[in-house]
Amino acid sequence: MITLWLLGVGILSLYVYCKIKFKFAEKIPRVEPLHPIFGNGLEFAQKNSYEIFKSLSRAYDNDKRIFKLSFGPIPVICPTHPDLIQKIMTEPVSMDKPFVYDFMRVNHGLLTAQYDEWRVHRKALNPTFNTRILNSFIPIFTDCVEKMISNLHKHENDQKPINMLEFTSPCTLEMICRTSLGGKVLEREGKQEFIEGLEIILHNVGLRIFNANLYPDFVYKNTRFYRAEMAARKICYAFTDKVIREKRAKFEERLRSSVDSNNNSAMSDENGNVVFADEEDDMLNYKKPQIFVDQLLTIPNDGKPFTHEEITDHIYTMIAAGNETSATQAAHACLLLAMHPEVQERAAAEVRELLADDVEYTHEILKQMEYLDLVIKESQRLCPVAAVFGRKTTGPIQLDEFVIPKGFILLLNPFTLHRKKEFWGPNADKFDPDNFLPERVKARHPYAYLPFSGGPRGCIGNRYAMMSLKIMLSQILKNFKLTTEIPYEKLDFKFKVSMHLSFEHLIKLEPRVLCTGTMDYRKTFSVLLLLWGSLQGYAKISPKVISLQQVLYSELQTLEKSALVTHPTYTTPNEGVLYRLRSVFHEFERQNQESITAILRVLALVDHTLENTIQDCEKVFHLPSLDSENVLFRDVTRPLLLHVEALCQQIASKDLDEIEATMVTVEQEANSYRIRLDETKRNMQIVLQEVDNGVESFSIRSKVDELFNEIELINSTIHRSIVASVENLRTRQQSICDEILQIQGTNDDANMAVAIESFMEFLDNETELLVEDLAEQLDDWFNQTANMINAVEEEMREIPRDLMESPVESFLQNESSLKCLAEYSTRKAVENMRQGLESILHCFIIANDTERPFEMAYNQLTQTDGDIQQTLQDILHCHQSTVRDDYNVDDFGNMASCFEMTKPILEALQDFVDSKMDEIFFHVDISMYYNELKMETCVYYKAREMMLSLSSINHQYQKCNMENEIEL
């Protein structure tokens, strides 16, 4: 009994705890099916990687900006809108990775490291992926690709397709190993076991990530998967440890020899790497590949060298992130090209032109492969290898109206994001490289496309990947024509560590030959013949009837030939209210013309005799438009038709006595009809003119262009000022340091030179990183502002149309008349709105707000410059005093020498510079964030005022009737 009571108390306590802890997520939208206790967990439990991919895709297939997946009581937050994703990607409180990334067992690597460690390491490693270092890898890339092409040639014209991934994977593995560990790494003993071990590690990591049963360590460690992974890691680590130790020993030996010989043969390059004199020309000019492990051994990491464990983790992060992803993406791109021959031929033509005469690859050649670049980006959009990734909150973060506390997982899904029609248009599921034309990219949200993640923690190797992919694909297209029997519609995916096809990349290869052809365009025309006939009768009709008939016939014939107000082109399919209005107008005119023609035919039957006309009258006058629901036709034309229909019935029944009276009635109704028709057409013209003028004449493009020009000017001016300020700082400090180095006369000269040069290298590196960070801040600010301006422009473009939609809808619903709609002055309403719109644009005139934080940054740089200069001047004066004629070292007793004091002062000065650079950056960062918030707030309130005005105008119209006029 006590046991049951304790169990009940425990369950109740757990329920209360979960209720309190997860209360924040109660109002976040959820997805179905949601099972008691298990939540959405059953949709993913005991599923294979294909089924998990499908379940996750179904969950994200909704129009919610944010929703949650519940695994038991635990919510996983799933943002889907780029606004929210951008905030997650850029906020420091959402920079950490969830626990599943720990399964990689590379705790110090950039992919999985905790934020604090990642920030230090990323700052140190950024220079290792600069453009010149990446360009030094081009010979390695081309050599690896040549081997792949040679293997592919063995399968050209095979009847059986090949699995392209089996060829791209060895190629990218060789690329990443040679650029990470050295050129001959895969020629070493044990390389096959190393490659097989990597495959086992990646397979088992992926298996564990997508199998929740294996999450607990005590479970996983008792499985065969763990034993296989550990055995594979032992083999791989032994292989790479040997390479790293050999390179470290070689580096230390050369450094020791350099110091022992005291010949200053060791120096540093612009990134802080140690460079030896005999390698200076190659290294500083990047004539030889800058191998990653060599750089890890030489670059400073927050003042300390990287440990062996850190180097190992960075190497394996590079291999894991750079091998499988690039190989799979290349195979995806090849398959998509095989499925779309017209795109393939266009890309191949570009490649043939650029690589004519076997020209060697250079950075410029790769840059000119513009269409191939579009193809690669489109393949990354539709088939992103990083289809899902996660972040973990380290503090509260607000996403829309929901505040997500510390410690929860945020799950992002680029696969579904890249296919949202809201951002990619109605053909989002189609393969279209033109999606990445500059004008389309500019118009799209920057975080609607995340092939390499995004924000500060985006992939450091994205340019490395793009370069290797371009070289691989350009050579494949140069040598082969790709075909496949797999239809595009059958593409299906599953998860491993990254996203893979659920089947093989089966492609056939044909030797690439230049062929041309001509298209035979044929046009067909159809001729419609309208045969008109007249029927005459012989029964006698009174002269008065004939007279009325002739008058009516003449007048209606004139109306039949009158010009139309609308035009058939207005019937282009659309779903907008204004389209429906034009459709109603055009339908009315068409039915009206059809009715006049029918009436004329009836009148033509009214002759001196009625023989042969009785049976034809009803047939001629059979009109579907008599039952038309068109509001204008019912009010204007149908009354006349009903009278003419009665006339036709009398003709059919040979009721000659009544024909005269009916003809008089028809003539009277025709007069009323003409009045109604004239008024209706006049009102239609007014409405269409108001709509067209209101929509087409309203343009703010010039104002937007002025804003963009102003923003670009501010951006470039600030950037130039930053660069100039930093260059001035470096120049002044370098001048003082040069003076110090010119002083000779002590035994500490060599050590003093090392200390001074080390400080200047540190200063150069820190200021260069500051320039990069501030430039990135400027670019982010420009993109954010441009996105808001584009969004406002888009909304402004639609406002004149919106001004008409409510009253038009009221008219279409028969709640108001055409006369009332015509009296509604759209242009006057638009003019009233223009001031509101211009006030919104005024929100973006932010030159002072933008320049202010950078002015403070200049001031802080100037102050820092002065502090450094003062310190270096003191050091200079101290050393200058030692070469004076009256200087006697014995006079200073036990006082420390200038050099002994200089070294700790310079170390402290480095800490000072580091803190100042961070202070400047964070000041600019928070100031720019506030400026952005202020701009968004301004836009929000101005837009709200404008919407209130719009609502008021539409409300007035809804009260309009035929007796009241609208006053705006």
Side-chain angles (χ1 to χ4, degrees), residues 22-45 47-89 94 98 100 210 212 380-384 386-393 397-405 408-430 435 444-451 453-454 489 491-495 499 502 575 787 791 794:
F22 307 130
K23 184 177 178 61
F24 76 93
E26 286 182 353
K27 294 185 179 180
I28 297 178
R30 63 189 189 185
V31 295
E32 300 294 343
L34 194 69
H35 304 281
I37 300 176
F38 300 103
N40 303 110
L42 295 180
E43 297 302 303
F44 300 90
K47 300 284 182 71
N48 60 34
S49 59
Y50 172 78
E51 293 168 328
I52 290 174
F53 181 84
K54 286 296 183 186
S55 297
L56 202 57
S57 296
R58 280 195 298 271
Y60 276 82
D61 187 18
N62 61 66
D63 57 357
K64 303 178 181 71
R65 285 170 59 92
I66 185 172
F67 68 94
K68 68 182 176 187
L69 289 171
S70 298
F71 295 91
I74 302 172
V76 172
I77 311 305
C78 306
T80 66
H81 196 280
D83 289 343
L84 304 181
I85 293 171
Q86 180 174 10
K87 188 167 188 179
I88 291 167
M89 294 286 97
S94 52
V100 292
F210 295 104
Q380 291 172 328
R381 179 181 77 86
L382 291 169
C383 311
V388 176
F389 54 86
R391 293 287 176 89
K392 183 181 73 176
T393 56
I397 182 171
Q398 180 147 2
L399 302 176
D400 284 348
E401 65 268 37
F402 310 109
V403 177
I404 314 301
F408 285 88
I409 293 176
L410 306 169
L411 191 64
L412 297 95
N413 189 331
F415 179 81
T416 55
L417 173 67
H418 290 177
R419 293 168 180 256
K420 282 190 173 291
K421 292 180 171 57
E422 180 182 355
F423 310 109
W424 296 94
N427 296 319
D429 291 325
K430 301 297 182 183
N435 277 320
R444 192 165 50 239
H445 197 294
Y447 281 78
Y449 177 61
L450 297 172
S453 184
E489 294 73 18
L491 281 180
D492 225 343
F493 302 94
K494 64 180 179 181
F495 284 126
M499 189 183 81
S502 59
E575 296 179 356
N787 288 336
E794 185 66 27

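Throughout, residue positions are numbered sequentially from 1 according to the sequence presented. Note that this is a predicted model, so its numbers are computed, not measured.
Under the 3.5 Å distance criterion, with hydrogens and angles disregarded, no donor-acceptor pair is assigned to the side chains of T416 and R419.
Taking the six-membered ring for Trp and thresholds of 30 and 60 degrees, F210 and F495 have nearly parallel ring planes, at less than 30 degrees apart. Between F71 and F44, the angle of the ring planes lies from 30° to 60°, which puts this pair in the tilted group.
By the ring pair (Phe, Tyr, Trp, His ring centres under 6.0 Å) test, F67 pairs with Y60, sequence neighbours left out. Residues satisfying the side chain to side chain contact (heavy atoms under 4.5 Å, CB included) criterion with P405, sequence neighbours excluded, are F24, F408. Considering only residues two or more places apart in sequence or on other chains, K421 meets the side chain to side chain contact (heavy atoms under 4.5 Å, CB included) condition with A428, D429. Every residue meeting the side chain to side chain contact (heavy atoms under 4.5 Å, CB included) condition with P33, not counting sequence neighbours, appears here in chain and number order: H35, E43. Under the ring pair (Phe, Tyr, Trp, His ring centres under 6.0 Å) criterion, H81 pairs with F423, sequence neighbours left out. In this view, N40 satisfies the side-chain hydrogen bond (donor to acceptor under 3.5 Å, both in side chains) rule with no residue, not counting sequence neighbours.
With a 4.5 Å cut-off on side-chain heavy atoms, F389 and P384 do not count as touching. Taking 4.5 Å as the limit, some side-chain heavy atom of Y50 sits within range of a side-chain heavy atom of D492. In this structure, the side chains of Q380 and H418 stay at 4.5 Å or more apart for every pair of heavy atoms.
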Stepwise, does the side chain to side chain contact (heavy atoms under 4.5 Å, CB included) test hold for I28 with I404? CA-CA 10 Å; I28 297 178; I404 314 301; 4.0 Å; yes
